[in-house]
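Any value given below was found using the heavy atoms of this structure, including those in side chains, with hydrogens, waters and symmetry copies removed. Just so it is clear, the structure is predicted and the values come from calculations on it, not from any experiment.
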Protein chains: 10
Amino acid sequence: MLFQVNMTVIPPKDMPKEQFDEIKATEKKYAEQLQQQGIWKHLWRVVGQYANVSIFEVKDNAHLHEILMGLPLYPYMEMTVTPLCSHPSSIH
Amino acid sequence: MLFQVNMTVIPPKDMPKEQFDEIKATEKKYAEQLQQQGIWKHLWRVVGQYANVSIFEVKDNAHLHEILMGLPLYPYMEMTVTPLCSHPSSIH
Amino acid sequence: MLFQVNMTVIPPKDMPKEQFDEIKATEKKYAEQLQQQGIWKHLWRVVGQYANVSIFEVKDNAHLHEILMGLPLYPYMEMTVTPLCSHPSSIH
Amino acid sequence: MLFQVNMTVIPPKDMPKEQFDEIKATEKKYAEQLQQQGIWKHLWRVVGQYANVSIFEVKDNAHLHEILMGLPLYPYMEMTVTPLCSHPSSIH
Amino acid sequence: MLFQVNMTVIPPKDMPKEQFDEIKATEKKYAEQLQQQGIWKHLWRVVGQYANVSIFEVKDNAHLHEILMGLPLYPYMEMTVTPLCSHPSSIH
Amino acid sequence: MLFQVNMTVIPPKDMPKEQFDEIKATEKKYAEQLQQQGIWKHLWRVVGQYANVSIFEVKDNAHLHEILMGLPLYPYMEMTVTPLCSHPSSIH
Amino acid sequence: MLFQVNMTVIPPKDMPKEQFDEIKATEKKYAEQLQQQGIWKHLWRVVGQYANVSIFEVKDNAHLHEILMGLPLYPYMEMTVTPLCSHPSSIH
Amino acid sequence: MLFQVNMTVIPPKDMPKEQFDEIKATEKKYAEQLQQQGIWKHLWRVVGQYANVSIFEVKDNAHLHEILMGLPLYPYMEMTVTPLCSHPSSIH
Amino acid sequence: MLFQVNMTVIPPKDMPKEQFDEIKATEKKYAEQLQQQGIWKHLWRVVGQYANVSIFEVKDNAHLHEILMGLPLYPYMEMTVTPLCSHPSSIH
Amino acid sequence: MLFQVNMTVIPPKDMPKEQFDEIKATEKKYAEQLQQQGIWKHLWRVVGQYANVSIFEVKDNAHLHEILMGLPLYPYMEMTVTPLCSHPSSIH
């Protein structure tokens, strides 16, 4: 089951750079792991923004919520979630 | 070069159903052709909406504009275009 | 899997009243059937609006899309779809 | 009398985690109590958001206001309140 | 139980003036009757707008919905409904 | 001359609770006084919000401005001001 | 008493040009008369828009409403009304 | 050449009152000087807001920008700038 | 003096294609002429939209207004106008 | 390949003036260098705003993203990015 998730990072103003870099490094590992598992199917950077467009393939709504809540950057992100399904003109 | 394009169809109120169905059939063929050429990389339906989320891979801005203007449904759609690029945490 | 769907009806300006009443009657039957099947779990009227707040329990995104597209009033409604999941403070 | 209430939590930036956890624990008990009393009829998490969709059954407007003001998390939440009533197509 | 209701009239473009005047005359009688019954407590014109600000005192949500749906101008109005209650600093 | 004024309080984050309570107590007295003078004609709480809907009867624009600027909570409020006049369907 | 009024004209799609020109001519005379009376104090065109920014000096809210309702173009305009008063830094 | 400029002051939260009062006093002198020079043609307070509506008569765009940047309160204001020109119905 | 003007074309629904094509042809000539005169300095198409981003160099506000009102497509366009000036970091 | 980029600077509240001035000086040099390379083709100030309108000519989306991320003021700016292409009525 597919969902589009748009994430925009809003870096905390008072956190030391080292601490935030560490969170981002953990996020990167977590993201890579989810991609290898086929859950985080696509991950693109939006040009000129500290933001991404992502496509997730999950078992159900609860599964998606659990994954998004587990993102180390979650407290520093704004998100929109859009449920997707197969398009009649798609050849896949 | 990747772009996300969101398209929402607003069916014309006065057009006979047969005529609009014909336009949609032409659109479907055009969409399938562009997918086979690897240009229209992804095409998903937004749940509950007469709308899609699409990813295009094109040569440049002009190429994308030409393709979108060529859509038979173009006069009956609203669009947003978002330029994308590679994300540092993507494994692809 | 639960979704909140908000629907607002925008009655067509040129349709004879009898024809629209017929569509609404078909919609009513369809809605009652889906409620009896346990799919359309809740259906409330928004006070002062030709609009409802609904909760659907469906198998997956595609299932929800199919149901919403099947609504006789679909061409005359605006919709928002919000995926829901279990809340940690819920006693259910 | 039914109301839909949407609540979004905006955690305070300067509060120690322990103190905020304590407020959340009190909120949880309060929410459970109101559910057991049949006042807080439904409570769902919005996927990917620190937010909920809730349905309250109360005696009147003042009763709802009193309950919402009593939420331990109230100072850290944004709310929308929508009055609901019975829908003619509902089978309940 | 009090509600603020803001109503904006959007006159239908194709209706003959006489027919719309008749609807407005019926609306006026209906409004006067509801005011005499103490239900439509306040009714003010917004300066420079074909709009009003109203305060209704009703038994419950369903009562308000029934009244608003009964307005002859209802199909030609946009509405917002805000539930109110007693203010701690009010002397009434 | 009547005006609707909507006020939303945004409590200052860094002010000690005692100090803010004192401002609110002064505000309450000021509000009661203006009500007794017939200037602050109506004052209602918006359900679920730290906000009110108010109706003021004043001599002119300058009079209203002077009163609103005098509110002890003014620096902690957002306001909208809507000029009102008599409605042709009002029985008052 | 001063008010800023912003007016945007939305020409009716189906009216013959001659008829609309006649309404505009009547509007022009009405506007000139109100300017000569010192009521419509300022009238400027917004660059690139079929819109104006106006300052009215009126006796009270009802007076302004009466004037605006009397504008021959009123049914074809959108308006915003902002009450103004003297600024402490103004030298006038 | 005329421009409408709307300015809303957002007082800095951490600045001592004396320091901000001093900035406001300098602003007042600067505003009076520009009015005496016929550049800041009109200056009105918006009722109930820490905001003004202003009309500037300047030589060109650069002239207006220089003047606005020179406002002592500039860092604490939000602005909108609207180019104006002569209206065909104006008698001036 | 420079202005950015964004124009979006909204083709009239009822006009025969030939008539609209003729208006567009006149617009094209008018646009070319203004470019040759150095007034319409830049003209770009927005990708995926029936819209352009334009830069105009004009004598004053009235000059810009006159030019924009003279556009044959003016009645079928929405516009935003932004006054520009020299940037301190520009090398031109 | 052309893009319009609008940038609005939001100066950090807690940074010493000297430190921010230094960042702005580095930004200026970087902007001048990109202009000399023909990449940052146009750079204009928006009148009355701490904002600019820019036109970039880049190789592709990734190239634009790299340049924008390299702006020393990037963490203190909000941006919108609009892909442009050649307009059929342009004489260039």
Side-chain angles (χ1 to χ4, degrees), chain B residues 2-36 40-56 68 71-82 84 87 89-90 92, chain C residues 1-17 19-20 22-23 26-27 30-31 34-35 39-44 46 50-85:
Chain B
L2 294 169
F3 288 88
Q4 184 191 344
V5 182
N6 288 17
M7 308 179 195
T8 302
V9 182
I10 295 137
K13 294 197 173 163
D14 306 330
M15 189 181 284
K17 191 183 171 307
E18 294 69 27
Q19 192 181 342
F20 193 57
D21 283 349
E22 207 172 310
I23 296 174
K24 286 195 290 183
T26 323
E27 172 93 9
K28 196 175 192 303
K29 276 189 203 145
Y30 183 77
E32 286 168 357
Q33 203 173 345
L34 286 164
Q35 287 173 83
Q36 276 145 7
W40 198 329
K41 289 198 64 158
H42 300 287
L43 170 57
W44 297 290
R45 174 64 84 206
V46 180
V47 170
Q49 311 291 343
Y50 196 172
N52 69 61
V53 169
S54 291
I55 305 291
F56 284 87
L68 297 177
L71 293 170
L73 279 174
Y74 183 81
Y76 316 107
M77 293 202 289
E78 289 184 354
M79 281 191 188
T80 62
V81 174
T82 309
L84 302 174
H87 192 285
S89 299
S90 171
H92 301 294
Chain C
M1 221 173 64
L2 294 168
F3 288 88
Q4 184 191 343
V5 182
N6 288 16
M7 309 179 193
T8 303
V9 182
I10 294 137
K13 295 196 174 162
D14 306 331
M15 188 180 286
K17 192 183 170 306
Q19 193 182 341
F20 193 57
E22 207 172 309
I23 296 174
T26 322
E27 172 93 9
Y30 183 77
L34 286 164
Q35 287 173 83
I39 290 169
W40 197 330
K41 290 198 65 158
H42 300 287
L43 170 56
W44 298 290
V46 181
Y50 196 171
N52 70 61
V53 169
S54 291
I55 306 291
F56 284 87
E57 179 153 28
V58 292
K59 279 179 290 181
D60 54 22
N61 287 349
H63 186 201
L64 179 61
H65 188 66
E66 185 197 336
I67 284 163
L68 297 177
M69 287 301 118
L71 293 170
L73 279 174
Y74 183 80
Y76 315 107
M77 293 202 288
E78 289 183 356
M79 279 190 190
T80 62
V81 174
T82 308
L84 302 175
C85 62

Ranked by heavy-atom pairs below 4.5 Å to chain B, first place among T80(C), N61(C), I67(C) goes to N61(C)
Is it the side chain or the backbone of M69(C) that comes within 4.5 Å of chain B heavy atoms, both, or neither?
side chain
Distance-only, no hydrogens or angles: does the Y74(C) side chain make a donor-acceptor pair with backbone N or O of G48(B) under 3.5 Å?
yes
Closest contact, heavy atoms only, V47(B) versus V81(C)
O-CG2, 3.7 Å
H65(C) to R45(B) - nearest heavy-atom pair and separation:
NE2-CG, 3.3 Å
